[in-house]
Amino acid sequence: MKKIIYDLGACRGENLNYYLSNADLVVAAEANPENCEYISKNFLEDIKKKKLILLNCIVGTDPNIDIANFYIHKHNYLLGQFPIPNNKENEFEKIQIKHLDVLNIFKEYGDAYYIKIDLEEYDHIILERILVQDIKFTYLSSEIKKIDDFTLFSKFKKINSFKIIDGHNVEYLYKYFLQNSAGPFGNDIKGPWISYANFIEILKFKLNQNGWFDVHCSLIDQEENTFNYKKYIFLEKLKNFKVKYKKKILRWKIKYLKQ
């Protein structure tokens with residue numbers, strides 16, 4: 001079966017080399033035209049070979065909308081968004097761009113092996129549409145900012161295996177991943193797959209910290225059989241300690257190499 005990865009919110013292609021090495025086809029959707037131009041220049045050969053499909057569009061949920069407003073951040077290419085920015089519109093430039101219903105994207109290109117959702121302030125909307133419409137996938141990840149968004153998974157009993165990626169620390173925990181990359185997926189993520197009941201406790205712990213947290217789920221991997229969620233929180237604390245140590249060493253190297 002053809003492996004297709006969907007990168008919904010591709011930004012400047014920080015994840016594309018990794019996805020291209022793990023798929024037969026990558027479908028990357030990005031609304032910011034400047035980011036798309038950057039991807040086009042850096043992945044021209046993959047586009048020519050039709051291994052990479054680049055869609056310059058808003059990923060939405062309404063099949064009746066063809067063109068919609070998108071808000072590009074004036075100073076940070078990472079922060080473009082489809083929803084109207086709350087109380088911060090002066091920091092954004094409004095443009096009009098093509099709008100595609102996420103379901104139509106899957107219909108055109110095929111069943112997903114992995115879906116990455118990273119759509120500023122809109123992840124939970126797309127996640128719910130994918131789950132409610134029973135879109136086929138093996139692995140899926142989405143940025144989660146509050147517990148209510150995670151509980152969307154509770155409605156779908158066949159999804160019960162989870163892992164978490166701390167997006168701000170990816171480059172310290174995994175080799176070969178760039179800053180601002182979403183990092184690995186599936187079994188390339190360190191650690192066991194965790195049950196829903198245990199994972200929700202870990203997520204509550206993580207959401208009390210400042211960060212960007214991507215929740216990964218699997219339809220094929222068995223969750224670890226334990227009721228002791230505190231074990232996972234201990235491991236997360238240990239991971240945080242290691243990251244702080246690595247950051248401290250890096251700052252020390254930068255400081256003394258300049259002298």
Side-chain angles (χ1 to χ4, degrees), residues 5 7 9 11 14-15 17-19 21-22 78 113-118 120 123-124 127 137-154 156 159-257:
I5 289 178
D7 188 355
C11 205
E14 289 86 350
N15 308 287
N17 281 319
Y18 172 62
Y19 293 163
S21 68
N22 283 278
L78 297 165
Y113 176 60
Y114 168 53
I115 304 169
K116 186 213 84 177
I117 307 170
D118 188 5
E120 290 292 317
D123 307 71
H124 60 293
L127 173 63
F137 62 85
T138 303
Y139 295 103
L140 177 146
S141 70
S142 177
E143 184 177 358
I144 297 292
K145 293 184 176 179
K146 55 183 185 292
I147 287 295
D148 287 349
D149 295 342
F150 176 68
T151 57
L152 289 169
F153 288 105
S154 69
F156 305 91
I159 305 174
N160 200 39
S161 300
F162 299 90
K163 292 187 180 187
I164 193 166
I165 289 278
D166 185 340
H168 286 154
N169 294 322
V170 163
E171 69 268 35
Y172 301 103
L173 294 170
Y174 297 94
K175 289 183 179 180
Y176 313 118
F177 286 95
L178 302 171
Q179 186 179 22
N180 300 321
S181 163
F185 73 92
N187 288 301
D188 287 347
I189 304 172
K190 297 173 184 176
W193 290 96
I194 303 169
S195 69
Y196 179 91
N198 285 334
F199 191 85
I200 198 167
E201 299 299 329
I202 300 163
L203 190 58
K204 288 175 184 176
F205 165 75
K206 295 294 285 182
L207 290 175
N208 283 326
Q209 308 165 29
N210 291 323
W212 148 30
F213 303 112
D214 286 336
V215 168
H216 289 250
C217 70
S218 169
L219 289 182
I220 62 170
D221 295 285
Q222 184 65 39
E223 72 274 13
E224 192 173 61
N225 186 21
T226 177
F227 295 101
N228 184 14
Y229 73 85
K230 292 181 180 179
K231 159 190 168 182
Y232 301 115
I233 291 178
F234 170 78
L235 292 174
E236 285 298 321
K237 288 179 178 178
L238 183 61
K239 191 188 300 179
N240 290 344
F241 174 79
K242 288 180 179 178
V243 167
K244 285 181 181 179
Y245 178 76
K246 287 183 178 181
K247 286 181 178 179
K248 187 174 182 179
I249 293 295
L250 182 60
R251 286 195 298 267
W252 181 86
K253 285 181 177 179
I254 291 171
K255 179 179 177 180
Y256 286 98
L257 284 173

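Basis for what follows: all heavy atoms, side chains included, without hydrogens, waters or symmetry-related copies. Just so it is clear, the model here is predicted, and its values are computed rather than measured.
- The shortest distance between side-chain heavy atoms of Ile189 and Ile165 falls below 4.5 Å.
- When atom types are taken as modelled, the side chain of Asn160 and the backbone of Glu223 share no donor-acceptor pair closer than 3.5 angstrom.
- The closest side-chain heavy-atom distance from Val215 to Leu203 is below 4.5 Å.
- Distance CD1/Ile164 to CZ/Phe205: 10.0 Å, rounded to 0.5 Å.
- For the pair Tyr114 (side chain) and Ser141 (backbone), a donor-acceptor distance under 3.5 Å is absent.
- Salt bridge annotation for Glu236-Lys231: absent, with no cationic side-chain nitrogen under 4.0 angstrom from a carboxylate oxygen.
- Atom CD1 of Ile115 and atom CG of Asp7 lie 11.5 Å apart (nearest 0.5 Å).
- Note that the CG atom of Asp118 and the OG atom of Ser181 stand 10.0 Å from one another [nearest 0.5 Å].
- Take Leu78 and apply the side chain to side chain contact (heavy atoms under 4.5 Å, CB included) test, not counting sequence neighbours, and it matches Cys11, Glu14, Asn76, Asn180.
- Here the CG-CG distance, from Asp123 to Leu152, works out to 11.5 Å after rounding to the nearest 0.5 Å.
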Working for side chain to side chain contact (heavy atoms under 4.5 Å, CB included), residues Glu224 and Ile194
CA-CA 6 Å; Glu224 192 173 61; Ile194 303 169; 5.9 Å; no

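- Looking at heavy atoms from C-beta onward, Asn187 lies in side-chain contact with Lys163 at the 4.5 angstrom threshold.
- For Phe153 and Phe162, the gap between ring centers is short of 6.0 Å.
- Crowding of Lys230 atom NZ: a count of heavy atoms from other residues, nucleotides or ligands under 6.0 Å not exceeding 12.
- The aromatic ring centroids of Phe199 and Phe150 lie less than 6.0 Å from each other.
- In this structure, CZ on Phe227 lies 8.0 Å from CG on Asn198, to the nearest 0.5 angstrom.
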Go through Ile159 and Leu219 one step at a time and tell me if the side chain to side chain contact (heavy atoms under 4.5 Å, CB included) criterion holds.
CA-CA 6 Å; Ile159 305 174; Leu219 289 182; 3.4 Å; yes

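- In this structure, Asp221 and Trp193 have side chains that are in contact, with non-hydrogen atoms separated by less than 4.5 Å.
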Candidate pair Ile5 and Phe185, rule side chain to side chain contact (heavy atoms under 4.5 Å, CB included), full reasoning
CA-CA 11 Å; Ile5 289 178; Phe185 73 92; 3.9 Å; yes

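- Counting heavy atoms from C-beta outward, Tyr139 and Tyr113 have side chains that approach closer than 4.5 Å.
- Scored by the side chain to side chain contact (heavy atoms under 4.5 Å, CB included) test, Ser154 finds Thr151, Tyr196 as partners (sequence neighbours excluded).
- Taking 4.5 Å as the limit, some side-chain heavy atom of Lys204 sits within range of a side-chain heavy atom of Ile147.
- In summary, the aromatic rings of Phe177 and Tyr18 are positioned with their centroids under 6.0 Å apart.
- Lys190 is linked by a side chain to side chain contact (heavy atoms under 4.5 Å, CB included) to Tyr174, counting only residues two or more places apart in sequence or in another chain.
- Annotation: side chain of Lys206 is in contact with side chain of Asn240 (closest heavy-atom distance under 4.5 Å).
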Between Asn15 and Lys116, is a side chain to side chain contact (heavy atoms under 4.5 Å, CB included) present by the stated rule, with each step listed?
CA-CA 10 Å; Asn15 308 287; Lys116 186 213 84 177; 3.5 Å; yes

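- The CG atom of Asp166 lies 9.5 Å from the CG atom of Asp214; values are rounded to the nearest 0.5 Å.
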